[in-house]
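What follows is one structure encoded as C-alpha cells, with my remarks underneath.
Every number for a ligand or one of its atoms is a count from 1 in the order of the listing. Along the sequence shown, residues carry numbers from 1.
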Amino acid sequence: MEIDGLVEAQAELAAILTAFDGLIYICSRDYTIERMNQKFIERTGRYPIGEKCFKALHDRDDICPWCVNDRVFRGEKIQWEVLSPKDNRYYSIVNAPIYRPDGRISKIGIIRDITALKQTDKILEEQGERYKTLFEHSRDAIAIAKTTGEFVEVNQAFLDMFGYSRSELMCTNASQIWADPRDRIAFQENLEKKGAVRDYEWKAKRKDGSELDCLLTASVRYDENGNVLEYHGIIRDITEMKNKEKALRRSEERYRAIVEDQIELVCRFRRDGILTFVNDAYSRYFSREKTELLGRSFFEFIPESDRAAVARHIESLSPEQPVRSRTQRIVTASGETRWQQWTDRALFDSKGQIIEFQSVGRDMTDLVKAQEALQSRTQELERSNKDLEQFAYIAAHDLREPLLAVAAYLKVLQRRLEGRLDPETQKLINGAMSSTFRMDSLIQNLLAYSRIGQEEPCFTEINSQEILCLAMANLQSAIEETKATITYDPLPAVVANASQLVQLFQNLLSNAIKFRGEHPPKIHVGVTRVENAWQYFVRDNGIGIEPPYFDRIFLLFQRIKNRAHYPGAGIGLANCRRIIEYHGGKIWVESSPGSGSTFFFTIPDRRDAQSWKRAAEQESDVERNA
Ligand code: ADP
C-alpha cells in the first residue's frame, strides 16, 4: 500500500518536473548537481549530474558571488528576480532546502523565465500612467462615485468646475451637485437600466449654489457577480456654449424679425435664380406661399425679353463690385406688368466663389408711371411754350405794322393841320402820337423777349468789359442827363451771346439810372470767380426794392406798385432773366429800400483750361503795361 503511494507520488513528481516550463535542479551542500528536469538539459545543452552547479548553470569554475547556499542550508527559502546579462532576459529564481529522511539537506533551485510577464507588467504600468494623465489633465470633469452617492475619485477639473476642495468633496454626496436631486434618481434608474448614457443634458450645481449647464456621459461598473459597483461619469460644462447659442438665437430672431417685418422685398437666390429665402413681404407681393416660391426661379416672373439682361447683371457681380442695383419688369400672378428696383449683393466664400445672392427690392411702378407722366407733360409744356413764343413773336411782329401805319397817319395829319388846330385838339393828337410810341417800344421789348428763345444759340468768346462799355455808350444821353457815374472792375472774357449781353447790361444800368434816389446815380459793376462760373454784380444807390418783390420783378409785366410815374412796361428784368437762363446762369437781387440795390448774375465759364490760362496771362500783361 505504502509502495503504491510512493510510486504514485513519484509519477506525479515526474509529471510536474516535465510540465514545468522552467529549470529545476537539486544540488548537494558541496554544489554538486544530483538531479534536474529535462528542460534543464534542453536549455543548457548539457547533462549536469555530478557537475558543480556554478559550472552547469553559469560555466564558472568557482562559486557564484551571489550564491545563497549558506542561507538555504541553514533552512531559508530565498526568492529573487534577476536580469541576465547573458541573454538580457528576466528570471525568477527560488532556492529552498530539501530535508531528506536520512537527515541530509539538499537544495532545490527553480529558475523561471519571466521576461514576458515583466513586459506585460511594464505595459500595464505605462497604461495606468497614461490613463492617470488623461484623467488628471482632462478639461472635462471626471468622477467615480458609489451607488450611494459617495465620491470614490474625481479629477482636478471636477474640483475646479464645482468649487470643492478634494477633502470637502469626500464628505459631499453626488446628489448635491444636481440642481434638482430628483433628476439624479431618474437618471440613475435609466443608467442602471441601460448600462451607459451619452450626452445627457442637465443642470448641475456648484458648491456656491450657482448653476451650470452640463453634458453628462456616464457608465456603470459591475463586480464579478454582475452587481452595480460604481458609476463613472464625464461632465462637460456647456454653459458658455449655451449662452452663445441663446445670444445667437436672439440675434437670429432679431434679424429674422427685421427681415420679416420689412415692407421691402427680401430674398436670397442662387446663380440660376432659384430662390432659397423670401420674406413675408415678398410672398405677399407675388401672392404666393413661401413654400411655393422656394426652389423656384424668380426668372419665371420676368418677361422673357428682359431675362438675358437681368442674367447679365447678376453675372457682372464680383468681389471687386459685389453690390449693384437693377430695375426690372415683372409679371404678377394676376398677369399685371409692374416695375421693381432691386439692390443685389453677391455673397462669396473664402476662395472668392459666389455662394448666393441676397437682394432687397421694392415696387417702382407708381414712380415709373409718375416719371413717364412727368416726362410727357414736360414735353407737352415745352411744345406749348414753343407755340406761345412763336405766337408772341408773330403777334408782336404783325402788330407793329398797323401801329407804325397809325403813327405815320398821325404824323401826316399833324403836318397837314399844322397851325389850324385848337390847342385842345393838338394835345389829343400829341397824346395819340406818344401812345403809339409807347406801344411800339412795348412791342419791341416783347419782340426782343420772344426772340431770345427763337434764335439759334450763338456763343463766342467775348470780352465782357467791352460789352459793358457798349451798353454804357448806348445809354450816354441818360447818363449825362442824370449825372450818373459808372465804375467797373476789370471784367473777364466769357463765352456768350454778345448782343444779348449788351442788352442785359443795358437793362440793368438803365434801371439803376431810372430808379435813382435823390442823389445822382452811382453805379458799380464788379465780378468774382465762383466755382466754374463768373459772378457779376451791378450795384446802385437808388430807391431800392422791398424783399417781397425780389422774385416777382423778374417775371414778365411785373412792376412794383406805386411806381406808376416811372416809365416802363415790366419787361426789362424778365428779359435779363431769360438771357441769363439761356446762358445757363442765374440772376437775383439783394436790396433794402432806400439804400440801393445790387443785381447779381452768373455766367458759366465755358472756356477750356488752356484758354483760361491764356486769358490770365494776357490780363497780367495788361496790368504790367499799365
Ligand atoms: P420796368 O423797368 O420796365 O418797370 P423791369 O422788368 O426792368 O421793368 O423792372 C421791374 C421792376 O423792378 C421795376 O418796375 C422796378 O420797380 C423794379 N426795379 C428794377 N430795377 C430796379 C433798381 N435798380 N432799383 C429799384 N427798383 C428796380
Side-chain angles (χ1 to χ4, degrees), residues 389 392 396 399-400 434-453 467-468 471-472 474-479 481-489 499-527 535-583 585-602:
E389 277 165 12
L399 274 176
R400 242 193 123 197
S434 80
S435 285
T436 50
F437 289 141
R438 271 224 320 279
M439 182 80 159
D440 186 44
S441 112
L442 193 75
I443 291 173
Q444 280 200 53
N445 275 324
L446 211 58
L447 256 176
Y449 179 83
S450 53
R451 207 175 278 139
I452 296 166
I467 298 286
L468 174 72
M472 281 162 57
N474 291 345
L475 296 170
Q476 196 50 42
S477 58
I479 294 170
E481 222 172 89
T482 57
K483 297 192 173 50
T485 35
I486 304 178
T487 53
Y488 51 87
D489 296 337
S499 65
Q500 287 180 7
L501 219 57
V502 174
Q503 202 184 337
L504 173 87
F505 275 123
Q506 206 168 312
N507 285 357
L508 293 175
L509 292 176
S510 73
N511 275 352
I513 294 170
K514 186 162 59 169
F515 298 104
R516 63 184 176 277
E518 288 163 14
H519 304 290
K522 268 197 170 147
I523 306 162
H524 182 75
V525 182
V527 71
Q535 182 175 304
Y536 291 79
F537 65 89
V538 177
R539 192 172 55 226
D540 65 42
N541 61 340
I543 58 174
I545 302 165
E546 274 150 6
Y549 292 99
F550 283 1
D551 290 331
R552 274 166 53 188
I553 53 172
F554 291 100
L555 301 175
L556 200 58
F557 304 128
Q558 293 291 327
R559 307 194 72 214
I560 298 178
K561 279 183 199 154
N562 310 327
R563 291 191 185 176
H565 54 285
Y566 288 96
I571 298 179
L573 287 180
N575 250 335
C576 292
R577 194 180 78 160
R578 234 179 124 98
I579 290 168
I580 286 304
E581 282 176 359
Y582 184 70
H583 282 77
K586 277 189 185 136
I587 184 163
W588 69 99
V589 67
E590 285 175 11
S591 171
S592 52
S595 315
S597 316
T598 307
F599 283 82
F600 295 90
F601 63 89
T602 57

For Asp540 and His524, which I'm curious about, is there any donor-acceptor pair between the side chains at under 3.5 Å? no
Any chance the rings of Phe515 and Tyr566 have centres within less than 6.0 Å? yes
Would you say Phe599 touches ligand 1, if touching means a heavy atom closer than 4.0 Å? yes
All side chain to side chain contact (heavy atoms under 4.5 Å, CB included) counterparts of Phe437, not counting sequence neighbours: Met433
By ring pair (Phe, Tyr, Trp, His ring centres under 6.0 Å) - contacts of Phe505 (at least two apart): Phe601
Side chain Thr602, main chain Gly585, donor-acceptor under 3.5 Å: no
Contact with ligand 1 for Gly570, non-hydrogen, under 4.0 angstrom: yes
Donor-acceptor pair, Asn541 side chain versus Pro521 backbone, under 3.5 Å? no
At less than 4.0 angstrom from any non-hydrogen atom of Ile571, what atoms of ligand 1 do you find? 6 (O), 8 (O)
Heteroatom distance test (Leu573, ligand 1): nitrogen or oxygen, under 3.5 angstrom: yes
Establish, from distance only, whether the side-chain atoms of Gln503 and Asn507 form a donor-acceptor pair under 3.5 Å. no
Which of the numbered atoms in ligand 1 are below 4.0 angstrom from a heavy atom of Lys514? 1 (P), 2 (O), 3 (O)
For Gly544, counting its heavy atoms only, list the atoms of ligand 1 lying under 4.0 Å from any of them. 25 (C)
Closest to atom 12 (O) of ligand 1 (judged by heavy-atom distance), picking from Asn575, Asn507, Ile553: Ile553
Give the numbers and elements of all ligand 1 atoms closer than 4.0 Å to a heavy atom of Gly572. 5 (P), 6 (O), 7 (O)
Determine, using heavy atoms of Ile545 and all atoms of ligand 1, whether some pair is separated by less than 4.0 Å. yes
